[in-house]
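For the numbers below, each heavy atom of this structure counts, side chains included, while hydrogens, waters and symmetry mates do not. In the text below, chain A, chain B and the rest are named by the order of the sequence lines, each starting its count at 1. All of these numbers come straight from a predicted model, not from anything done at the bench.
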Number of protein chains: 2
Amino acid sequence: MARRDYGQYCGLARALEIVGERWALLIVRDLLVGPKRYTDLHNGLPRVPTNVLATRLKELEQAGVVTRRVLPRPASGVVYELTERGRDLEDAVIALGRWGARELAEPRPGEIATPSSVIMAMRSTFRPGRAHGLTVDYQLNSGGIALQIRIDHGRLTVTEGTLPRADLVIEAGAGLRPLISGEIEPAEAVRNGSVKMSGGDPALLDRFVEVFRI
Amino acid sequence: MARRDYGQYCGLARALEIVGERWALLIVRDLLVGPKRYTDLHNGLPRVPTNVLATRLKELEQAGVVTRRVLPRPASGVVYELTERGRDLEDAVIALGRWGARELAEPRPGEIATPSSVIMAMRSTFRPGRAHGLTVDYQLNSGGIALQIRIDHGRLTVTEGTLPRADLVIEAGAGLRPLISGEIEPAEAVRNGSVKMSGGDPALLDRFVEVFRI
DNA sequence: CTGGATCCCTCACGATACTG
DNA sequence: CAGTATCGTGAGGGATCCAG
């Protein structure tokens, strides 16, 4: 790691030496959602060459950001997970993700959204100040991805999967971003069909866009 | 920019496409302090090849992060400065810098600290919650760099230069980091000579480490 | 199947020299 | 002062292959 250093006695430079390499922060993003197998990581980041993925994981492991753990039986295999040091990157990942979210217009051709990326997007756009004391469960379906979004006394948890007992089920594809960015009002989005909802009080959708906002 | 994209419809990926290239965020860090000439940037980042610096500036300009401005006379020349979009990166830069600061032990051989890096380090370690309503002026001398650190009713401003009317002048070289990280108590640092102070109430040094902390 | 390792090719980066 | 030009190297991209 002597060749890639920046020669600066500076926290930012140190951070970039560790997680500034290509793909590194996207790997961290996926692991912030939870431990993952090599194959899961590769599925979530299909454009990363396998050698680069293997190299990054070793670098991150040596830097103390990631640990490699061999699963006990019966579920044999290997999972990668963040260390506490790695989880401390969440603030930085969210700050960068929020900044970059303003560049998101239409998806570019061939571009994908993965469960992990959507989960982190929801975490990034969450405004704790607007969710104070709030308790509500949503299920969000977007682009073939089903998310459980639970707010419990103002605390957010986002997981993949369906949530049969959700207070509101939101169905949104490309219409989700304009909704969260405030380009379009919830009522208008429902009217033009870009967002559908079912199973609950329509006012919960207003709550949703109040709480999740770019 | 077609080859370097990540193929992910994700705010973090977008951010990395724009400011994830090598040296880009360090350039932003320096510009967060204020507009700079090409030569100033190069002095602050001596290890960046000039062609890379020129390329990054063009990329950042095209991305709307930086503007290039020709100075009116008499001070002819060119300065680069952040756009508002670029200034919005401050949160992310500070988050990353704070994370990386925990890796800072001793400076590695040949490693330098520049005025801009120290200024951003002070901004990163500033804890607004601990400075509520506080008004005090420090001058900090560290490694040949003189900084004005002004806290006005809890608002921080850090600039290069001396501050003759400072409430306290702090003289610290390598002893500054252990002080801010809490590894060493202020009184102990003064006693062993790693930190000197003059011109004010010694209690102001305790204030200092209270307000600036990793 | 998972969890990588290997090979080749290209281009971005690094170092240095040079110019309006 | 503010860059451009040139050239060598190695990291990243892409496909394939292999061990448990």
base_contact_polar (dG14(C) base, N51(B) side chain, donor-acceptor, <3.5 Å): yes
Closest-nucleotide 5' rank along DNA chain D - winner of P49(A) and L57(B): L57(B)
Side-chain donor/acceptor of S117(B) to backbone N/O of A113(B), under 3.5 Å: no
Nucleotide nearest W23(B) (side chain, heavy atoms from C-beta), chosen from dA2(D), dG14(C), dA5(C): dG14(C)
Side chain to side chain, V78(B) and R68(B), heavy atoms closer than 4.5 Å: yes
Rounded distance in Å - CG (D5(A)) to P (dA11(D)): 13 Å
Heavy-atom closest contact (C10(B) atom, R29(A) atom, distance): SG-NH1, 3.0 Å
Out of dG4(C), dC1(D), dG14(C), whichever nucleotide has its closest atom nearest the side chain of Y80(A): dG4(C)
Whole angstrom value for the distance that separates C1' of dG12(D) from CG of L45(A): 14 Å
Polar side chain donor-acceptor pair, Q139(B) to R165(B), under 3.5 angstrom: no
Test: R85(A) cationic atom under 6.0 Å from W99(B) six-membered ring centre, within 45° of axis: yes
Length of the line joining L26(B):CG and dC13(C):C1', which is rounded to integer Å: 15 Å
Aromatic Y6(A) / basic R22(B) pairing, under 6.0 angstrom, 45° off normal: yes
side-chain N/O R47(B) vs dG14(C) OP1/OP2, d < 4.0 Å: no
Side chain of R4(A) - closest among dC13(C), dC1(D), dG3(D): dC13(C)
OP1 or OP2 of dA5(C) under 4.0 Å from side-chain N/O of K58(A): yes
Which nucleotide in dA5(C), dC13(C), dA2(D) has an atom nearest any side-chain atom of Y38(B): dA2(D)
Phosphate OP1/OP2 of dC11(C): any R22(B) side-chain N/O under 4.0 Å: no
Bracket string, DNA chain D, 5' to 3' - pairs by Watson-Crick or G-U geometry under 3.5 Å, | interstrand: .|||||||||||||||||||
Separation of dG14(D) C1' from L53(A) CG (nearest whole Å): 14 Å
d(CD, E21(B); P, dG14(C)) in whole Å: 11 Å
Rounded distance in Å - CD (E17(A)) to C1' (dC13(C)): 16 Å
Polar pair under 3.5 Å, donor/acceptor by atom type, side chain T50(B), base dA15(C): no
Value in whole Å for how far the P atom of dC13(C) lies from CG of L16(A): 14 Å
Donor-acceptor contact below 3.5 Å, side chain D167(B) vs main chain D137(B): yes
Minimum-distance nucleotide (side-chain atoms of V52(B) versus dA12(C), dG14(C), dT4(D)): dG14(C)
Student check: side-chain heavy atoms of R37(A) and L71(A) closer than 4.5 Å: yes
Between C1' of dC1(C) and NE2 of H42(A), the distance in whole Å: 15 Å
